[in-house]
2 protein chains.
Amino acid sequence: MDINKKSSVKTDSKGRKKVINACIEPCAIEKGMRLIGGKWKGSILWHLKDAPVRFNDLTRMLGGASKKMVDQRLKELEAENMIIRKVLSERPVAVTYELTEFGRSALGILDTLRQWSEDHSIAIR
Amino acid sequence: MDINKKSSVKTDSKGRKKVINACIEPCAIEKGMRLIGGKWKGSILWHLKDAPVRFNDLTRMLGGASKKMVDQRLKELEAENMIIRKVLSERPVAVTYELTEFGRSALGILDTLRQWSEDHSIAIR
DNA sequence: CGGTATCCTCTACGATACTG
DNA sequence: CAGTATCGTAGAGGATACCG
């Protein structure tokens, strides 16, 4: 679905047309969620906060994510300009991923979320 | 700041750093994401920030979400103690949803996310 | 090591219709 | 109005094997 759609026109059962305004603010929230939300993206970014990390190390850190998933998320994050993939050597193969400035700019949100989540861990479960 | 307190970092023979147990913090992030992440949850909470909202109004506000989805998310949020469902009248049926204190405590994160998302809307696309 | 390629299941989500 | 019920599809995600 097109999330950038600002409004849509619908016709009800009596043939009347209604313009439904999708709101700007929540769209920003949805948009943001698409960048740092999702199953592993926030965690991946968080793991890169201190230093570049290699692919397999990252996969291990996430403990529970398959290579495929990590690979997919990494590609998304790279396409979104949140991380950079760097090939360190060809033989043996060595690759690291690190945050861009943009990626780094999301760390504050993630830290707040982490803090909030920990503070309310009892309420959460 | 000492955030990864539960993690241990080791250095191998080639001077590379390895994080051995780093899944504590990301788990908090994943946990938090499950509460306010997902497709509509953040937006729903955000829409309730000022006042209680009725079911159909909320659905319309989200413009694009089906009743079924809204219903499901609302039930999740209620189970998670983020919102409260209140029956105003039986005939005609009138129900509102409003934030709990816990739900309200998430607004800061959502606002930061919204701000961040808007600020970087160009980078995002 | 850093991925791809397959296959497969499961559920998220949408569309539509119906109900008290 | 505030949901349920039902059906259908797309894709998310796991398991496993393979590759340069």
Side-chain angles (χ1 to χ4, degrees), chain A residues 1-3 5 8-14 16 18 20 22 26 30 33-35 37-44 47-48 52-79 83-98, chain B residues 12-19 30 33-35 37-44 47-48 52-79 83-98:
Chain A
M1 197 194 84
D2 181 15
I3 203 162
K5 185 172 55 180
S8 63
V9 179
K10 288 194 177 179
T11 309
D12 66 13
S13 55
K14 288 163 190 164
R16 289 180 305 215
K18 262 189 176 177
I20 296 169
E30 293 298 325
M33 280 297 179
R34 286 240 299 273
L35 290 184
K39 190 152 191 191
W40 297 108
K41 289 169 91 172
S43 297
I44 289 174
H47 274 303
L48 300 181
V53 181
R54 299 179 63 173
F55 180 84
N56 280 344
D57 289 340
L58 197 50
T59 306
R60 249 173 264 121
M61 286 169 176
L62 294 171
S66 63
K67 284 179 165 191
K68 188 175 130 190
M69 277 306 102
V70 178
D71 184 50
Q72 281 179 11
R73 297 303 141 247
L74 286 173
K75 278 184 174 141
E76 282 178 23
L77 289 168
E78 200 190 358
I83 61 172
I84 297 174
R85 177 180 184 272
K86 285 189 176 166
V87 178
L88 300 188
S89 78
E90 294 287 356
R91 200 164 294 96
V93 185
V95 174
T96 62
Y97 293 89
E98 59 184 274
Chain B
D12 68 11
S13 56
K14 288 166 188 162
R16 290 188 302 229
K17 284 179 183 176
K18 275 192 175 177
V19 180
E30 292 300 323
M33 280 298 179
R34 243 169 277 139
L35 289 184
K39 187 147 192 194
W40 297 108
K41 289 170 89 172
S43 297
I44 290 174
H47 274 303
L48 300 181
V53 180
R54 298 179 63 172
F55 181 82
N56 279 343
D57 289 339
L58 197 51
T59 306
R60 247 172 267 121
M61 286 171 176
L62 294 171
S66 62
K67 284 179 165 193
K68 188 176 130 189
M69 277 307 101
V70 178
D71 185 50
Q72 281 179 11
R73 297 301 142 249
L74 286 172
K75 279 184 174 142
E76 282 178 23
L77 289 168
E78 202 190 355
I83 62 173
I84 296 175
R85 178 181 183 271
K86 284 189 178 168
V87 178
L88 299 188
S89 79
E90 294 287 356
R91 199 166 292 97
V93 185
V95 174
T96 62
Y97 293 89
E98 59 183 274

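Throughout, protein chains are lettered first and strands after them, A, B, ... in sequence-line order, and every chain is numbered starting at 1.
For the OP1/OP2 pair of C/dG3 and a distance below 4.0 Å, the side-chain nitrogens and oxygens of A/Tyr97 include at least one atom meeting the criterion. Regarding contacts with the backbone of D/dC1, every side-chain N or O of B/Arg54 stays at 4.0 angstrom or more from both OP1 and OP2. When the side-chain nitrogen and oxygen atoms of B/Arg73 are compared with OP1 and OP2 of C/dA12, none of them lie within a distance under 4.0 Å. Distances shown here put a side-chain N or O of A/Arg85 below 4.0 Å from the OP1 or OP2 atom of C/dG3.
Separating the CE atom of A/Met69 from the P atom of C/dC10 is a distance of 16 Å, rounded to the nearest angstrom. For the pair A/Arg34 CZ and D/dA12 P, the computed distance is 11 Å after rounding to whole Å. Look at NZ on B/Lys67: it is 7 Å from C1' on D/dC1, rounded to the nearest Å. Remark: C1' of C/dG2 and CD1 of A/Ile83 are 14 Å apart, rounded to the nearest angstrom. The interatomic distance linking B/Arg91 (CZ) with D/dA2 (P) rounds to 15 Å, in whole Å. Going from atom CG of B/Leu88 over to atom P of D/dA2 covers 8 Å, rounded to whole Å. What separates CD1 of A/Ile44 from C1' of D/dG13 is a distance of 14 Å, to the nearest Å. The CD atom of B/Gln72 sits 12 Å away from the P atom of C/dT11 (whole-angstrom rounding).
In this structure, B/His47 and B/Val53 approach most closely via the heavy-atom pair O-CG2, 3.7 Å. Of all heavy-atom pairs spanning B/Thr59 and B/Ala65, the tightest one is CG2-O, 3.7 Å. When every heavy atom of A/Ser43 is checked against every heavy atom of B/Glu30, the shortest pair comes out as OG-OE2, 2.5 Å.
Both A/Asp71 and A/Pro92 lie close to DNA chain C; mapped to their nearest nucleotides by heavy-atom distance, the more 5′-ward contact belongs to A/Pro92. Between B/Glu76 and A/Val93, it is A/Val93 whose nearest contact on DNA chain C lies nearer the 5' terminus.
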Please lay out, stage by stage, how A/Glu76 and A/Arg73 fare under the test salt bridge (Lys or Arg N to Asp or Glu O under 4.0 Å). CA-CA 5 Å; A/Glu76 282 178 23; A/Arg73 297 303 141 247; 2.3 Å; yes
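With rounding to the nearest 0.5 angstrom, the CG atom of B/Leu74 is 12.5 Å from the CH2 atom of B/Trp40.
Ranking C/dG2, D/dC1, D/dG14 by closeness to the A/Ser66 side chain, first place goes to D/dG14. When distances are taken from the side chain of A/Lys39 to each of D/dT4, C/dT4, D/dG13, the shortest belongs to D/dG13. Distance from the side chain of B/Phe55 is smallest to D/dA2 among C/dC13, C/dG2, D/dA2. For A/Lys75, counting side-chain heavy atoms from C-beta on, the closest listed nucleotide (D/dA2, D/dG14, C/dT4) is C/dT4. Side-chain proximity of B/Asn56 to D/dG3, C/dT4, D/dA2: nearest is D/dA2. Side-chain proximity of B/Lys68 to the nucleotides C/dC13, D/dT4, D/dA15 is greatest for C/dC13. Of the candidate nucleotides C/dG2, D/dG3, D/dG13, C/dG2 has the atom nearest to the side chain of A/Ala94.
One finds a salt bridge joining A/Arg60 and A/Asp57 here, because a Lys/Arg side-chain nitrogen approaches an Asp/Glu carboxylate oxygen to under 4.0 Å.
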